[in-house]
Amino acid sequence: MKKRFRKYLALLSVLGLTVFLAACSNTPVTSKSTGLWDHWIVYNFSRVIIWLSHHFGGYGMGIIIFTIIVRIIILPLMIYQTRSMRKTQEIQPKMKELQKKYSSKDMDTVRKLQDEQKKLYSEAGVNPFASMLPLIVQLPIIYALYAAIWRTDALKHGSFLWLELGDKDPYFILPILAAIFTFMSSWLSMASMPEKNGMTTTMTYVMPIFIFFMAMNMSSAISLYWSVTNAFQVGQTLVIQNPFKINRERAEKVAAEKAKKKAIEKAKRKAVKGRK
């Protein structure tokens, strides 16, 4: 119960932050804007993007470079999340054994199950809520980028290739790219899981569709951000959570354990024959 409460609390925190940010002003942001959000965050985001744009070939390049910088800054947090998720995946078979062992719904059994789960998490060095932290960190960054573009005239009316950054992509190229990279990122993450479940599989295929329709109705600048950040995520996954490498290592570990068990059984049989 306590675990579920903490999970709901984290989700409510994300929702509350979303509502808070959505309630912020939509008036143009300038050097005269006041307040922590408008002056220190949104205005400075727009200043950084404009500075990058002036030095690296336009507003589109400014957004791309800024996105990559943001991803690099939060990379240590993402690595922590990835490692925590992998540890969580590896202990799922043991977790299922505990759930099967303590399947009764009486309070004593439930409490015992919770204690054993906490012990298992502790021994494996797993924080079951680590995946929420990057989401909480990224949410205001994403909204700050959106606000910086939408509330800064230079960015809102800027252009990049065939795009007017403040308008929708007329050819739907960026929404398609955003959906493709979202799918690739989700699929690569799921491919390393020792056990799949219906929810994970469904999200892998539903989320890209959701992102596609969202990007169709958002400004091209936001679609550009989503495309770049999800492309970065694909590369990040291949480097720090390569599913092909993980599955190969997992198979080698299983094979080594079987070989060890077989060698022990063979040694026991040999010892028994020696006594005779």
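- Considering only heavy atoms from C-beta on, Phe181 stays 4.5 Å or farther from Ile211 through its side chain.
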Handout entry: Lys262/Lys258 under side-chain contact (heavy atoms from CB on, under 4.5 Å): CA gap, chis, key distance, verdict
Key = CA-CA 6 Å; Lys262 187 176 180 180; Lys258 288 182 178 179; over 6 Å; no

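- No more than 12 heavy atoms of other residues, nucleotides or ligands sit less than 6.0 Å from atom CH2 of Trp40.
- Atom-to-atom distance recorded for Phe45:CZ and Ile50:CD1 is 13.5 Å, nearest 0.5 angstrom.
- Linking Ile, Leu, Val, Met, Phe, Trp and Tyr residues whenever their side-chain heavy atoms come within less than 4.5 Å places Met61 and Ile72 in a single cluster.
- Within the model, atoms CG of Leu163 and OH of Tyr171 stand 9.5 Å from one another, a figure rounded to the nearest 0.5 Å.
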Exercise for the section: Evaluate side-chain contact (heavy atoms from CB on, under 4.5 Å) for Tyr59 paired with Leu52, printing each intermediate quantity in order. Expected result: CA-CA 8 Å; Tyr59 294 115; Leu52 290 170; over 6 Å; no

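- Considering CD1 of Ile63 and OG of Ser53, their distance stands at 6.5 Å, rounded to 0.5 Å.
- No path of Ile, Leu, Val, Met, Phe, Trp and Tyr side chains, each step under 4.5 Å between heavy atoms, connects Val206 with Leu188, placing them in separate hydrophobic clusters.
- At a threshold of 4.5 Å between non-hydrogen side-chain atoms, the residues Tyr43 and Asp38 do not count as touching.
- The shortest distance between side-chain heavy atoms of Leu174 and Leu177 falls below 4.5 Å.
- A heavy-atom distance below 4.5 Å is found between the side chains of Leu75 and Gln236.
- Between Ala178 and Thr182, the shortest heavy-atom contact is O-OG1, 2.6 Å.
- Atoms CZ and CH2, on Phe56 and Trp51 in that order, are 5.5 Å from each other to the nearest 0.5 Å.
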Practice task
Start with the C-alpha distance between Phe212 and Ile176, add both sets of side-chain angles, then the distance that settles side-chain contact (heavy atoms from CB on, under 4.5 Å), and finish with yes or no.
Solution key: CA-CA 6 Å; Phe212 173 74; Ile176 291 172; 3.7 Å; yes

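- Rounding to the nearest 0.5 Å places CG of Asn230 at 8.0 Å from OG of Ser186.
- Across all their heavy atoms, Ala215 and Ser223 have their closest contact at O-OG, 3.2 Å.
- Side-chain contact of Arg71 with Thr229: a donor-acceptor pair under 3.5 Å is present, judged by distance alone.
- The backbone N or O of Asp169 lies less than 3.5 Å from a partner atom in the side chain of Ser220, making a donor-acceptor pair.
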Exercise for the section: Quick one: do Tyr225 and Phe66 satisfy ring pair (Phe, Tyr, Trp, His ring centres under 6.0 Å)? Show the steps, please. Expected result: CA-CA 9 Å; Tyr225 171 84; Phe66 180 78; 8.2 Å; no

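- Atom CG of Asn44 sits about 11.0 Å away from atom CD1 of Ile49, to the nearest 0.5 Å.
- Side-chain contact between Leu224 and Phe160 is present, with at least one heavy-atom pair separated by less than 4.5 Å.
- One hydrophobic cluster, built from ILVMFWY side chains closer than 4.5 Å, holds both Trp226 and Ile209.
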